[in-house]
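Values below: every heavy atom of this structure, side chains too, minus hydrogens, waters and symmetry copies. Remember, it's 1-based here, ligands and their atoms both numbered in the order they're listed. The model shown is predicted, which means the values in this text are computed figures rather than measured ones.
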Amino acid sequence: MGKVGETTLILDLSALEHNYNYLRSQIKPETKFLGVVKAFAYGSDMVTIAQKLEQLGADYLAVAYVNEGVLLRNAGVKTPILVLHPLVSNFEEMIDRCLEPSLYSKHILNQFVKVAKAKQQSNYPVHIKFNTGLNRLGFAEDDVDFIAKATQHSGCIKIVSTFSHLAASEDSNERDFSLKQINSFKNLSSKLIEALGYPLIRHMLNTSGIINYPEAQFEMVRSGIGLYGYGNEAEVDAQLKPVATLKTIISQIHQIEAHESVGYNRAFKSHQPIKSATLPIGHADGIGRQYGKGRGSVIINGKKAPILGNVCMDMIMVDVTGIDCKEGDEAIVFGPEKSAEKFAATANTISYEILTAISQRVKRVVVHQ
Ligand SMILES: *Cc1c(COP(=O)(O)O)cnc(C)c1O
């Protein structure tokens, strides 16, 4: 992968391709595939990932907010883009940039119709989201007639898909709940399709849904974390390849004597002589304070080096006692050698959080190996 000279997030597009092909192999050839690239493509590089997914043949892309979709359009991405969480203040820009809203409430639908009318649209593509138990965003069962009537009367929007989202697709203890959600979505989407009189693309599954509920793939699936190489369980992780590797280097090495301390608030106090290494990565780069005090660690020359004391804004100090290393040597925070899921677990969180936390200050390097 090559040596880095500063903190770098290396993005391996061949890993993305591998993950895409693996996820596609889990669904029927005719099922459409939506790649979720919200939050800078889970903290990586949204434009690069979206362009690669476009090239691989993804049918749809999804972002959370309109400004994310605008960045993709500015970069020339042509694939249809679903905006999962549009807000009324963004509707004009959404139409100007051909971004397709998820309509999730009466208020949002009415407001969108108003703007689409004012902008003299006809058959503007929209997506209807149902709430089947996550209780986050989505229409209720009782809203089906409203949705169909409002769409027909509007004359300016056309529903292309309907979807819902599982609350616990990765949790086998919640299998009954997930099956209930799937069943409820099946009924709701049938009702809507019947009321409209034309077919819709139906989609419900995220990455863990694809793995655990393949019978509910309907006409499309939506995958995010799986594309980036994580599957919420060890057996799935084993089939996937992490796209992102976070590396940094040793800036300085200190000999710390017994009874000395390291870092702010003297949070680490040494009981014996140790060797510490200072790395140019801190909470401003996405390594939260919760990784400090020995919880998180990095890998230096194949060995584990735990974080000493508090995480600083721009630096961490790690324990390299007994590790053969020198200033300028590489430190791996996560990647194929140590998964982001494992690193995240040391701070009681999940891969999704650590991946999306890597700040824009960190240099991105794209490789294809
Ligand atoms: C983020 C998101 C996804 C992707 O979920 P993964 O677990 O990352 O595959 C799918 N659908 C919706 C509605 C989302 O918000």
Quick one: table the atom pairs, ligand 1 N or O against protein N or O, below 3.5 Å, distance rounded to 0.1 Å.
unit_1	atom_1	unit_2	atom_2	d
ligand 1	7 (O)	Asn206	ND2	3.2
ligand 1	7 (O)	Tyr352	OH	2.6
ligand 1	8 (O)	Tyr42	OH	2.5
ligand 1	8 (O)	Ile225	N	2.8
ligand 1	9 (O)	Thr207	N	2.9
ligand 1	9 (O)	Thr207	OG1	2.6
ligand 1	9 (O)	Gly224	N	2.9
ligand 1	11 (N)	Arg222	NE	2.9
ligand 1	11 (N)	Arg222	NH2	3.4
ligand 1	15 (O)	Lys38	NZ	2.7
ligand 1	15 (O)	Arg136	NH2	3.4

The side chain to side chain contact (heavy atoms under 4.5 Å, CB included) partners of Tyr213 (sequence neighbours excluded) come to Leu166, Arg175, Ser178, Leu179, Ile182, Leu205, Glu215, Ala216
Cluster partners of Val262, using ILVMFWY side-chain heavy atoms under 4.5 angstrom, listed by chain and number?
Ile256, Phe268, Ile274, Leu308, Met317
Regarding Lys106 and the six-membered ring of Phe146, is the cationic atom NZ or CZ under 6.0 Å from the ring centre and inside 45° of its axis?
yes
Do Lys158's NZ or CZ and the ring of Tyr198 fall within the cation-pi criteria of under 6.0 Å and 45°?
yes
Taking atom types as modelled and ignoring hydrogens, do the side chains of Asn301 and Asp324 form a donor-acceptor contact shorter than 3.5 angstrom?
no
Who pairs with Ala140 by side chain to side chain contact (heavy atoms under 4.5 Å, CB included), at least two apart in sequence or on another chain?
Asp143
